Amino acid sequence: MVHDRRSASWMSPAGDTDDIVTLLAPRLAQFAGVARREHVTRAALEMGVPQSTLSRALVRLERDLGVDLFVRRGRTLSLTPAGRTFLTSVERALGEVERAAEAVRADAHPASGKVAFGFLHTMGSETVPGLIRAFRADHPGIRFSLVQNYGEAMLERLRAGELDLCLTSPVPDEPGLVARRLDEQRLRLVVPDDHRLADRRRVRLAEAAEEAFVTLESGYGMRRITDDLCREAGFRPRIAFEGEETETLRGLVAAGLGVALLPPPAVPRPGVVELTVTAPRAVREIGVAWLDGRQDAPPVAAFKKFLLSRRDKLLPH
């Protein structure tokens with residue numbers, strides 16, 4: 001039997017691709033079920049749909065595709081060559097959907113799911129490993145996808161849905177995000193070990209007003225904090241070098257190329273002296289942020305609760 005398919009969707013403009021996918025997608029599993037059994041009644045019983053509904057769905061599918069998929073002999077069907085070709089691709093597509101569903105269900109499993117977690121570079125060597133170790137004491141099966149970056153880049157990934165949670169500084173205050181302060185970290189003025197201030201333990205930031213500064217690049221939270229603290233101290237810092245890593249900046253300071261405002265190092269760096277800043281109060285706040293209105297999967301909810309319980313205990317004091 002040959003049908004007139006002149007109005008079929010394959011003759012539609014190329015821009016209608018999304019429309020045909022939307023049209024066909026709900027019927028693919030029905031087609032595959034009938035094609036495997038070659039019998040409408042048996043397929044309808046196994047799929048739990050009325051036989052008449054299934055028969056109409058197959059007729060509409062053929063009409064929308066513009067080809068015959070079955071040769072009908074009463075309630076028994078056999079695939080046409082076009083039907084066999086279509087079934088191969090449909091089974092592959094349905095297999096991909098099934099694997100995708102299994103993956104997302106696995107990631108949301110309360111005991112063995114996954115958390116996509118972002119954090120600042122400066123928190124990667126000690127703070128975050130310690131947090132995860134403490135969390136996994138009670139949740140040993142939960143997995144993590146970890147992303148290190150500077151604050152604004154992490155917030156972009158959070159907005160894009162690529163991260164569940166992120167530790168960042170400064171604590172963001174913007175529509176679409178929820179953020180909670182967790183702790184604060186004292187910043188130090190880092191100078192070369194042969195610097196005029198190197199024999200001091202404490203210093204007012206204004207005493208470094210004439211120094212060349214090495215800083216993180218614009219867009220980094222620490223750069224904004226440095227600029228704000230220097231302005232509060234009454235001067236605008238003269239920037240000699242910009243970098244992307246705090247330990248690189250310490251290396252530049254050790255080489256005598258400037259001074260820097262930085263959080264404490266994980267491991268003391270030779271060649272530099274780290275001075276307590278007495279004025280203005282030099283700290284950076286660390287917070288956790290997430291998308292407003294997003295429903296947390298159980299592993300994310302558990303880790304968020306854990307982080308919030310660490311308020312004022314996130315960092316060593």
Side-chain angles (χ1 to χ4, degrees), residues 118-129 146-157 166-172 183-287 314-317:
F119 52 92
L120 301 168
H121 287 290
T122 51
M123 314 203 79
S125 60
E126 290 188 345
T127 301
V128 167
L146 301 176
V147 174
Q148 289 180 265
N149 216 320
Y150 66 96
E152 184 52 40
M154 278 194 304
L155 294 180
E156 288 178 7
R157 297 186 69 167
C166 68
L167 286 182
T168 189
S169 178
V171 181
D183 213 335
E184 67 178 26
Q185 190 173 43
R186 285 197 168 274
L187 305 178
R188 298 169 178 176
L189 182 68
V190 184
V191 302
D193 60 8
D194 59 355
H195 191 270
R196 61 182 177 85
L197 298 172
D199 59 349
R200 302 265 297 274
R201 294 184 61 185
R202 302 174 183 274
V203 66
R204 289 177 296 106
L205 188 56
E207 296 179 72
E210 302 304 316
E211 301 288 338
F213 275 73
V214 297
T215 71
L216 295 174
E217 295 176 351
S218 297
Y220 284 67
M222 265 306 306
R223 172 60 178 273
R224 192 184 342 160
I225 292 169
T226 296
D227 290 344
D228 289 346
L229 287 172
C230 289
R231 182 169 56 251
E232 191 175 346
F235 69 97
R236 181 175 180 178
R238 179 167 56 90
I239 307 300
F241 296 92
E242 296 177 318
E244 297 180 345
E245 292 276 353
T246 57
E247 289 314 298
T248 300
L249 299 188
R250 278 191 170 82
L252 294 172
V253 172
L257 299 175
V259 302
L261 267 176
L262 296 173
V267 178
R269 171 73 185 245
V272 301
V273 175
E274 311 224 353
L275 307 175
T276 299
V277 178
T278 58
R281 187 169 183 268
V283 298
R284 67 167 178 172
E285 288 191 333
I286 308 294
L314 186 76
L315 305 169
H317 292 280

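Quick caveat, the model's predicted, so the values are computed rather than measured.
Distance check: Glu245 CD to Glu217 CD gives 10.5 Å after rounding to the nearest 0.5 Å. Note that the OG1 atom of Thr127 and the CG atom of Leu167 stand 8.5 Å from one another [nearest 0.5 Å]. If you take CD1 on Ile225 and OG1 on Thr215, they are separated by 12.5 Å, rounding to the nearest 0.5 Å. Here CG of Leu261 is found 5.0 Å from OG1 of Thr226. Values are rounded to the nearest 0.5 Å. Here the straight-line distance linking atom CZ of Arg284 with atom OG1 of Thr168 works out to 9.0 Å at 0.5 Å rounding. Note that the CG atom of Leu249 and the CG atom of Leu262 stand 5.5 Å from one another [nearest 0.5 Å].
Counting non-hydrogen atoms of other residues, nucleotides and ligands closer than 6.0 Å to CZ of Arg200 gives a total above 12. Enclosure of atom CZ in Arg201 is not indicated, since only 12 or fewer non-hydrogen atoms of other residues, nucleotides or ligands lie within 6.0 angstrom.
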query: Passes salt bridge (Lys or Arg N to Asp or Glu O under 4.0 Å), Arg281 versus Glu184? Steps please.
result: CA-CA 11 Å; Arg281 187 169 183 268; Glu184 67 178 26; 2.3 Å; yes

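Residues meeting the side-chain contact (heavy atoms from CB on, under 4.5 Å) test with Glu232, sequence neighbours left out: Leu229, Pro280. Remark: Phe235 engages Leu205, Ala209, Phe213, Cys230, Ala233, Pro237 in a side-chain contact (heavy atoms from CB on, under 4.5 Å) (not counting sequence neighbours).
Checked for salt-bridge contact, Asp227 and Arg223 meet the test: a charged N lies under 4.0 Å from a carboxylate O.
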Show which side-chain atoms of residues 268-276 pair as donor or acceptor with protein atoms under 3.5 Å away, not counting sequence neighbours.
from	atom 1	to	atom 2	distance (Å)
Arg269	NH1	Glu247	O	3.4
Glu274	OE1	Arg250	NH2	3.2
Glu274	OE2	Arg250	NE	2.7
Glu274	OE2	Arg250	NH2	3.2

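Not one N or O on the side chain of Arg188 forms a donor-acceptor pair closer than 3.5 Å with the backbone of Pro264.
Between Ile286 and Leu120, the closest side-chain pair of non-hydrogen atoms falls below 4.5 Å. No side-chain heavy atom of Tyr150 sits less than 4.5 Å from a side-chain heavy atom of Leu216. Side-chain contact between Arg238 and Glu210 is absent, with no heavy atoms from C-beta onward closer than 4.5 Å. At least one side-chain heavy atom of Glu211 sits less than 4.5 Å from a side-chain heavy atom of Arg196.
When all heavy atoms of Ala266 and Ser125 are compared, the pair lying nearest together is CB-OG, 3.1 Å. Of all the heavy atoms in Val214 and Leu252, the pair that sits closest is CG1-CB, 4.2 Å. Closest approach of Pro192 to Gly258, counting heavy atoms only: CD-O, 3.9 Å. Residues Pro263 and Thr122 approach most closely at CG-CG2, 4.1 Å, considering heavy atoms. In terms of heavy-atom proximity, Cys166 sits nearest to Leu155 at SG-CD2, 3.9 Å. Residues Met154 and Phe119 approach most closely at SD-N, 2.8 Å, considering heavy atoms.
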